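What follows is a set of notes on a single structure, which appears directly below.
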Amino acid sequence: MTELRAASAVGASRQRGEETRERVLVAASRLFATQGFDATSVEAVADAAGITVPGMYRHYPTKHELLLAVARRATATSAARRALAEGTPLATGLAELFGEYLADGQIERRRLSIEISRAAFGDEELHRALVADNERLRAALTQTILSGEAGVDEAEAAMLSHLFLVLLMGAIHLDTLDVERIGDRSLVEHLRGRFARILADRGGPYETDGRRLPETIVEPAPEPEPADGRRARTVRTRRRILGAAHDLFARHGYDGTTIEAIAERAEITVPGLYRHVASKEQLLVEVAERAFSRYRLTRPLDGARSATTQLAELLAAFSLSRDEVERRIAIELDFGAWRSEALAEALHAFHRRMRANVAAALAAGDDGPNEDPELRALVFLMLFMGVAHLDTVDPSLVDEPAWVDLLRRRVPQLIG
């Protein structure tokens, strides 16, 4: 009888521990998604979970381990992932995986996925763990592709896994890319058709036309200086401030960057900086508007060349190491839009402009299926935002020739 009571007590204790861990994970998921990882304290998570800080540390020794546990919990609860592993038709299963993330009521899940990637920029241990987790996901998807109806070899299956998961990482930005498409089954069905098209093609070699990739995704616009010496000095100072903020926000995040650090980088005093901007939030908005003005995607493409070829090349350029800061600022601005109404408005307007420009280019050279060019442009922008996460989610693709080759061959099938 004593042994039974002891076993019962152990079982009850284990159950209480599991319930406590679940409360902590639920609380952390919500806070990390709404406030960001850096801005959420361990004390806030413990308070929301109804537990003491020492009690929480008994379950999750560090804040980064808690974030990883949150990420793994979100992956483990994916019904679409389980269906894929159990043999659902490949294109359908992949599309439903996207549909699961893009459904109404899943904004916390989308934001959390973005925040995990952001947090990994600043922590080497978290970065290694996130990369390892994603390698396992890609390996599982590669095996699913090989065991499914696709007729590709192992190397191509591995590269397609990269493509699908990078696209999924970009799809979770749909709240800022085109919020009206959240819960839109026509987007999921469109993806299913495109995935089927890609999987039915064995993926032959790309016949290059010998052109070099663009140097970068951005093309600085001319910034003329006034003739008046005093006004010219003011313009140069503002340019230094914006340049410093752009670099620091990208490398350390908005929460991890102080006004003092920006002033020091710009070689100006803090009071001097405040003569040019009223607040850190205003500075973030101005950094965003300056960044938006430089993207090649807001300008007309070369009408003499295939639009899909040019768009694939821009994605390839965005995957190179020299665009690392631009990738990071793209994610940071999306995160900033969650908390700044002014930035959200500017970002939404920018995405509308990009979608319209890409859709016009696709429609002008359209000789493919009669599908909505706006929808095809949106899929391209989802892939663009997925590439922005390469440094934390899929760093093996940065500067990788096989990835460039895959983009050149497969992007036309995805958006053409």
Side-chain angles (χ1 to χ4, degrees), residues 33 36 97-99 101-102 106-107 109-121 130 134 162-182 184 187-188 190-191 194 216-218 249-250 253-254 288 291-292 294-298 311-320 323-338 343-344 346-359 362 374-395 397-398 403 406-407 410-411 414-415:
L97 178 61
F98 280 73
Y101 275 85
L102 302 181
Q106 293 297 313
I107 189 169
R109 189 179 199 171
R110 292 188 291 273
R111 289 186 171 185
L112 182 61
S113 296
I114 295 168
E115 185 55 19
I116 289 166
S117 181
R118 280 186 72 249
F121 279 133
L130 180 61
N134 279 284
H162 285 291
L163 180 67
F164 292 136
L165 292 178
V166 167
L167 180 62
L168 180 61
M169 198 64 200
I172 61 177
H173 288 270
L174 196 57
D175 299 279
T176 53
L177 289 175
D178 190 354
V179 70
E180 294 181 2
R181 295 286 186 178
I182 296 295
D184 183 357
L187 173 58
V188 177
H190 176 80
L191 288 170
R194 290 309 171 113
T216 174
I217 198 73
V218 298
F249 287 155
Y254 179 76
F292 299 157
R294 302 166 72 211
Y295 275 98
R296 294 174 185 266
L297 289 167
T298 59
L311 292 169
E313 289 175 350
L314 286 171
L315 284 174
F318 199 34
S319 303
L320 301 179
D323 259 355
E324 179 185 4
V325 170
E326 300 305 327
R327 289 192 293 274
R328 291 190 177 193
I329 200 67
I331 298 170
E332 195 60 31
L333 294 178
D334 193 283
F335 169 75
W338 301 349
L343 179 54
L347 185 62
H348 292 155
F350 169 62
H351 285 153
R352 285 193 297 272
R353 197 160 67 247
M354 279 213 301
R355 276 202 320 273
N357 186 54
V358 173
L362 291 172
E374 280 269 343
L375 196 58
R376 291 152 55 199
L378 176 60
V379 173
F380 170 79
L381 294 182
M382 286 159 50
L383 187 54
F384 175 84
M385 285 306 301
V387 170
H389 288 274
L390 286 191
D391 302 278
T392 53
V393 172
D394 218 341
L397 299 182
V398 176
W403 172 245
L406 184 84
L407 291 174
R410 298 302 196 170
V411 166
L414 190 61
I415 66 171

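Computed from heavy atoms alone, side chains included, the values below leave out hydrogens, waters and symmetry copies. Residues: numbered from 1 along the sequence shown. Model, not experiment: these values are computed from the prediction.
- A heavy-atom distance below 4.5 Å is found between the side chains of Trp403 and Leu163.
- Nearest heavy-atom pair, Gly170 versus Leu177, reported as atom, atom and distance to 0.1 Å: O-CD1, 3.9 Å.
- Closest approach of Leu191 to Leu167, counting heavy atoms only: CD2-CD2, 4.4 Å.
- You'll find the side chain of Leu165 stays beyond 4.5 Å of the side chain of Asn134, heavy atoms only.
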### Query
Given the rule in the side-chain contact (heavy atoms from CB on, under 4.5 Å) test, do Phe164 and Leu97 qualify, once you have shown the distances and angles that lead to the verdict?
CA-CA 10 Å; Phe164 292 136; Leu97 178 61; over 6 Å; no
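- Checked by atom type and distance alone, the side chain of Arg327 never pairs as donor or acceptor with a backbone atom of Ala250 at under 3.5 Å.
- By the side-chain contact (heavy atoms from CB on, under 4.5 Å) test, Ala120 is found to be paired with Leu126, His127, Leu130, Thr392, residues two or more places apart in sequence or in another chain being considered.
- In this structure, Glu324 and Val398 have side chains that are not in contact, with every pair of non-hydrogen atoms separated by 4.5 Å or more.
- Within the 4.5 Å cutoff, no side-chain heavy atoms of Arg296 are placed close to those of Val218.
- Checked against side-chain hydrogen bond (donor to acceptor under 3.5 Å, both in side chains), Asn357 has no partners two or more places apart in sequence or in another chain.
- Side-chain N or O atoms of Glu374 include none that pairs as donor or acceptor with a backbone N or O of Ala359 at under 3.5 Å.
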### Task
Kindly indicate, with the supporting measurements, whether the criterion side-chain contact (heavy atoms from CB on, under 4.5 Å) is fulfilled by Trp338 and Ile114.
CA-CA 12 Å; Trp338 301 349; Ile114 295 168; 3.9 Å; yes
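- Scanning all heavy atoms of the two residues, the minimum distance from Ala317 to Thr216 falls at CB-C, 4.4 Å.
- A distance of 10.5 Å separates CD1 of Ile172 from CZ of Phe98, quoted to the nearest 0.5 Å.
- Here the CG atom belonging to Leu378 is positioned 6.0 Å from the CG atom belonging to Leu187, to the nearest 0.5 angstrom.
- Rounding to the nearest 0.5 Å gives a distance of 5.0 Å between OG of Ser319 and CG of Leu390.
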### Task
Please lay out, stage by stage, how Val166 and Val393 fare under the test side-chain contact (heavy atoms from CB on, under 4.5 Å).
CA-CA 8 Å; Val166 167; Val393 172; 5.9 Å; no
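- Looking at Arg110, its side chain never comes within 3.5 Å of a backbone N or O of Ala171 through a donor-acceptor pair.
- Between Arg194 and Leu414, the shortest heavy-atom distance links the atoms NH1-O, 3.3 Å.
- Smallest separation of non-hydrogen atoms from Arg376 and Ile415: NE-O, 2.9 Å.
- Cation-pi check for Arg109 over Tyr101 is met; the charged atom lies under 6.0 angstrom from the ring centroid and within 45 degrees of its normal.
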### Message
What verdict does the side-chain contact (heavy atoms from CB on, under 4.5 Å) test give for Leu102 and Arg181, after you've listed the backbone C-alpha separation in whole Å, the side-chain angles of each residue and the deciding distance to 0.1 Å?
### Response
CA-CA 8 Å; Leu102 302 181; Arg181 295 286 186 178; over 6 Å; no
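- Leu347 contributes atom CG, which lies 10.0 Å from atom CZ of Arg352 (distance to the nearest 0.5 angstrom).
- The shortest distance between side-chain heavy atoms of Phe350 and Thr298 falls below 4.5 Å.
- Between Phe384 and Tyr295, the two ring planes are perpendicular [angle over 60°; tilted spans 30° to 60°].
- Using a cutoff of 4.0 Å between basic side-chain nitrogens and carboxylate oxygens, Glu115 and Arg118 are scored as salt-bridged.
- For the atom pair Leu315 CG and Leu406 CG, the distance stands at 11.0 Å (nearest 0.5 Å).
- Counting only heavy atoms from C-beta outward, the side chains of Leu362 and Leu311 approach each other to under 4.5 Å.
- The ring-ring contact (aromatic ring centres under 6.0 Å, His included) test applied to His389 returns His173, not counting sequence neighbours.
- Leu343 approaches Ala288 most closely through the heavy-atom pair CD1-CB, 3.3 Å.
- One finds the CZ atom of Phe121 at 4.0 Å from the CD1 atom of Ile331 (value rounded to the nearest 0.5 Å).
- In this structure, the side chain of His162 does not engage the main chain of Asp394 through any donor-acceptor pair within 3.5 Å.
- With hydrogens and angles ignored, the 3.5 Å screen pairs no side-chain donor or acceptor of Asp175 with any backbone N or O of Ile107.
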